[in-house]
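What follows is a set of notes on a single structure, which appears directly below.
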Amino acid sequence: MDSLVLGNHCWLPDCLLQPLLTLREQTLGLGTQADRKLPAPTPGHLQQNQPLPVFPNPLCQSRGSTDAECQRNENPGLIMDPECSRLLPAFCSVLVDPRQAVADDTCLEKLLDWFKTVTEAGSSLLLLQENPCLVDLLSHVLDLKPQDVSPRVLSFSLRLAGMFAAQEDCFEYLQGQLLLGLFGEAGPLSWAVWSVPTVRSGWIQGLKSLAQHPGGLHFLGDSGAVDALFSLQGDSSLFVASAASQLLVHVLALSMQDKAEGSPSLKGSAWPACAQKIVAHVEASLCSTTALQITQALNVLTTTFGRCHSPWTEVLWGQLSPLVAHLLDSEPVPATHSLVDLLLSVARSPVFASADCTLWETIARMLSCLSPMQTGPLALGTLKLQHCPQALRSQAFGVLLQPLACILRATAQAPGPPGLLDETTQGCSMTVDTLLSSKSACVGLLCQTLAHLEELQPLPQHPLPWPQTLLVEAVVIILRLCDGSAAPSSSEGCRLCGTLAGCIRVQRAALGFLGTLTLGTSSWELVPQVFAILLETLKSPASSPTVLKKAFQAVLHWLLDSPTPPGCSDLGPHTPLFLRELFPVLQKHLCSPCWEVRDSALEFLTHLSMCWGGEANFREVLLASDVPKLAWQLLRDPESYVRASAVTAMGQLSSQGLQAASDSPGHPEVQQGLVGELLHILSVDSEGFPRRAVTRVFTEWLRNSHADVVQDTEWFVATVLQMVSRDLDWEVRAQGLELVQVFLAQTLGQPNPSCPYAVALPKVTPPSPLPEVLRTLCQMQIFDFAFRALFDCDRPVAQKACDLLLFLRNKSAPCSGLQEAGDSSDVASVEATLERWQVGEQGQPLGSLEPEVVLAALRSMDLEGLQSRLAESSDHVEKSPQSLLQDVLATVALLEENVADCY
């Protein structure tokens, strides 16, 4: 039986492909292999009435099968094989024929990837000599009339020529009118098709591939390409403009290679001509009065210092730093974002780690003269540097804290011990002006500051001492300003209260930062203050669903990580009281009309019970509330996301012995307990999320020996598999295989870890001899489920099934209590049924299986080969160069046929 392959491309019969191969003789005369007969390509698509696609036939290992597919895929040729060489002339003829449009850019992109692989693996010159149609393709593109050139074909040709010319001998072979015509001023740059961004991008990418050796650099300078790159920096297409800047950096670095290595004293006047030209252009742009030109120059320098860490970059910075510092004298400072990126890029370079330069002075000056919104990223980047003067770090941290200090001063809160925030005094008036100028400016500055501090908090470079008390008090007062509970006495505070009232963005940012502040909390006196504001936020009817979700997350952080005084229990002195106030609020949110709120409350309950399910105080408060009962009722919620979260929550509560019996009438499944309710969801729920959640919960129950599972494990697994095997959701089927794997590990022992450094898990002693275990597995129809999953149309399911069957085969190998092979007719019947399953005819059951028959079938299957095939990407067939070439030719043939049908 030939195995099917997954594909979506058309295949071309010999009657259509052969005329295309002779087209080059009739039109352009490409190639020298016109007399070769091309075999008909293998079909790569599926008819609509064919079954779902599967992978190579695993039933051909031990039977001496002559299945051609098993041998055809052993050594796939990914370089230039004869089949591709035969297809190339026809492919090139199609590209240069203006009457035949190539409609699929994807195939051309994949073919470029293939050509790159070919050129990197061998000689490009030899490739062109063996396939002269490729050179003819480049020549004929230049011979076409400019109005007849296809933009996608021209872009393909430019990139292809650059790949070939990346090798110096091939560059010399192509040098002359060909490369000059493609990349020179008289080529595409002067054609009408140059207005298409794809062509300009292909031109840049081709030059970047070409510029890999001295000859390529000289070509760029002589052909005028560098001047064209200068103009392309301001291209209307952002992709083209970025690519032009990247190429200028590449050319600069390549021209300086082996020139300034080890010679930091080398002056710029002694640099190569190409490097001098680029640096002169950057200097002129920095002196320009146009912000766009300044931004382009700064972007080139940022990329240069980020990629190049040679001594010549120190000379470059010494030459250009006065011009960069001069930009700070302008009002306003131009291109501030690009300027910040440049300074941080230079500071991160190891060349400047210990150098005595003016870099730190420029950063300090910029921190003091820019607006608070502009200095935030620079201050954060400075604090994240490994090597930075302490005075500059203190200045940057003071700048970062300014907005919070202003909030505390405006609300009459003391900003910490004396001297702690002295650095925030300078520039505080500018920050206050920003906070009071408009709502958008105030919200933007506070959100940026809170996000920067949240990012800085867990880093080892964060400043010490860390003002934990100040930050907690600032976040608390911000949350009170947002919910309207603050009562400031100053006019600035009143204006802030009106500006921030009901601001969801600031609330989310503040709650996110508050959750991370538990990492540095050492004073347990802060805990009541934090618990109080979190409880107020959860109780407030004005809190949006996203704010409530953030509040739940912050509560979890502070419950799990907050400090406790010496001699107290794990819960601390404030936690039991807080929990007693929290659970009535949680009950309210479980009954919320908003499904997002119900979902967040269930997720919070799941995490809370997972961490504290064993604590006596927590169990007492939980069981005294209606939370378990409400969570049970949400198993029938109209929203599928909520049902899935309820399944996970009830599964966790049940694992901890915290579930409550439901007295809901009208549902007989409920009376059977939680297992019956979850089985009901697995069998009848119309949405995939709850069913996936059920299979995950059942797997965890089996793994952790849940009381309801160990009563009759075999019945439990068999019942779940009976439902999972019919499920249309591939994730449910895959999770069912995970359940089987856990069951087999408990029954037969853990599988051998594939990683040599993996920790060996304790093996479970089989409760009965292996023959009896295999017989039980047959009765539970586990083999039937695994064999069906092996031919599943979804690759992850097939992979899990293959791994499962390999595990079973390896475990049964030393079994001596069974015959080496079952009855030959039974084995043949099973194999015939599996072959029908593979082609989609899965209506016929395997029937009653015996362990001997199953073992014989397993040993006859090439599971290792199938496992390697399943590990490949799903489009590995379509990505093969032969298939891609056939796609292009097939598309042209079908277009011609459709044109003929029109007449």
Side-chain angles (χ1 to χ4, degrees), residues 443 446-448 450-451 453-455 457-458 472 475-476 478-485 500-519 530-562 575 578-579 581-612 622 625 627 630-631 633-635 637-653 687 689-690 692-693:
V443 170
L446 285 180
C447 289
Q448 175 182 273
L450 293 168
L453 290 170
E454 182 178 354
E455 183 179 350
Q457 160 81 2
V472 170
V475 173
V476 169
I478 288 175
L479 289 172
R480 294 195 181 281
L481 288 171
C482 290
D483 65 17
S485 61
L500 297 177
C503 184
I504 296 176
R505 280 186 59 198
V506 176
Q507 281 182 295
R508 290 202 308 261
L511 289 168
F513 179 44
L514 184 61
T516 64
L517 284 174
T518 58
L519 299 175
V530 173
F531 279 168
I533 188 62
L534 289 176
L535 200 59
E536 290 177 19
T537 303
L538 290 173
K539 287 181 178 179
S540 173
S543 295
S544 68
T546 55
V547 169
L548 290 174
K549 186 178 183 68
K550 283 286 187 180
F552 278 130
Q553 293 171 351
V555 168
L556 277 175
H557 285 296
W558 279 86
L559 283 176
L560 301 179
D561 301 328
S562 60
T575 304
F578 174 71
L579 289 176
E581 297 181 14
L582 174 65
F583 273 96
V585 181
L586 183 60
Q587 292 177 191
K588 169 189 169 185
H589 289 312
L590 288 174
C591 301
S592 171
C594 180
W595 73 264
E596 291 96 337
V597 175
R598 301 195 301 272
D599 189 63
S600 298
L602 287 168
E603 290 180 357
F604 172 75
L605 175 62
T606 302
H607 291 294
L608 200 60
S609 59
M610 186 185 304
C611 298
W612 277 4
L622 175 64
S625 68
V627 168
L630 293 173
Q633 293 175 359
L634 290 177
L635 293 172
D637 194 271
E639 176 57 49
S640 63
Y641 292 107
V642 179
R643 294 198 301 274
S645 297
V647 167
T648 305
M650 288 305 304
Q652 184 60 44
L653 291 175
E687 298 289 339
F689 299 107
R692 296 173 194 171

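Among residues two or more places apart in sequence or in another chain, the side-chain contact (heavy atoms from CB on, under 4.5 Å) test is passed with Glu536 by Arg480, Asp483, Ser485, Ile533. Residues passing the side-chain hydrogen bond (donor to acceptor under 3.5 Å, both in side chains) test with Gln587: none are found, sequence neighbours excluded. Every side-chain hydrogen bond (donor to acceptor under 3.5 Å, both in side chains) that Thr546 has, sequence neighbours left out, goes to Ser544. Listed by chain and number, the residues in a side-chain contact (heavy atoms from CB on, under 4.5 Å) with Ala631 are Leu602, Leu605, Met650 (sequence neighbours excluded).
Within the structure, side chain to side chain donor-acceptor pair (under 3.5 Å) pairs that include any residue of residues 639-649 comprise Asp599-Ser645, Arg643-Asp685 (at least two apart or interchain).
Here the OG atom belonging to Ser540 is positioned 11.0 Å from the CG atom belonging to Leu479, to the nearest 0.5 angstrom. Taking CG from Leu548 and OG from Ser592, the interatomic distance works out to 8.0 Å, rounded to the nearest 0.5 Å. Atom CG of Leu608 and atom CD of Gln652 lie 10.5 Å apart (nearest 0.5 Å). Note: Leu590 CG to Arg598 CZ = 9.5 Å, rounded to the nearest 0.5 Å. Here the NE2-CG distance, from His607 to Leu559, works out to 13.0 Å after rounding to the nearest 0.5 Å. Atom-to-atom distance recorded for Leu582:CG and Phe604:CZ is 4.5 Å, nearest 0.5 angstrom.
Here the side chain of Ser600 pairs no donor or acceptor atom with the backbone of Val597 at under 3.5 angstrom. Judged purely by atom type and a 3.5 angstrom limit, Ser543 uses its side chain to pair as donor or acceptor with the backbone of Thr537.
The aromatic rings of Phe531 and Phe578 lie parallel to each other, with less than 30° between the two planes, well short of the 60° mark.
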Checklist entry - Going through the checks in order, is the side-chain contact (heavy atoms from CB on, under 4.5 Å) test met by Leu453 and Gln457? => result CA-CA 6 Å; Leu453 290 170; Gln457 160 81 2; over 6 Å; no
Item to check | Stepwise side-chain contact (heavy atoms from CB on, under 4.5 Å) check, Leu622 with Leu653 | outcome: CA-CA 10 Å; Leu622 175 64; Leu653 291 175; 3.8 Å; yes
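Side chains of Phe689 and Val647 form no contact here, defined as non-hydrogen atoms less than 4.5 Å apart.
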Using a 3.5 Å cut-off and no angle test, enumerate the donor-acceptor pairs between side-chain atoms of residues 507-514 and protein atoms at least two apart in sequence or in another chain.
none

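Across Ala644 and Ala693, no two heavy atoms sit closer than the pair O-CB, 3.6 Å.
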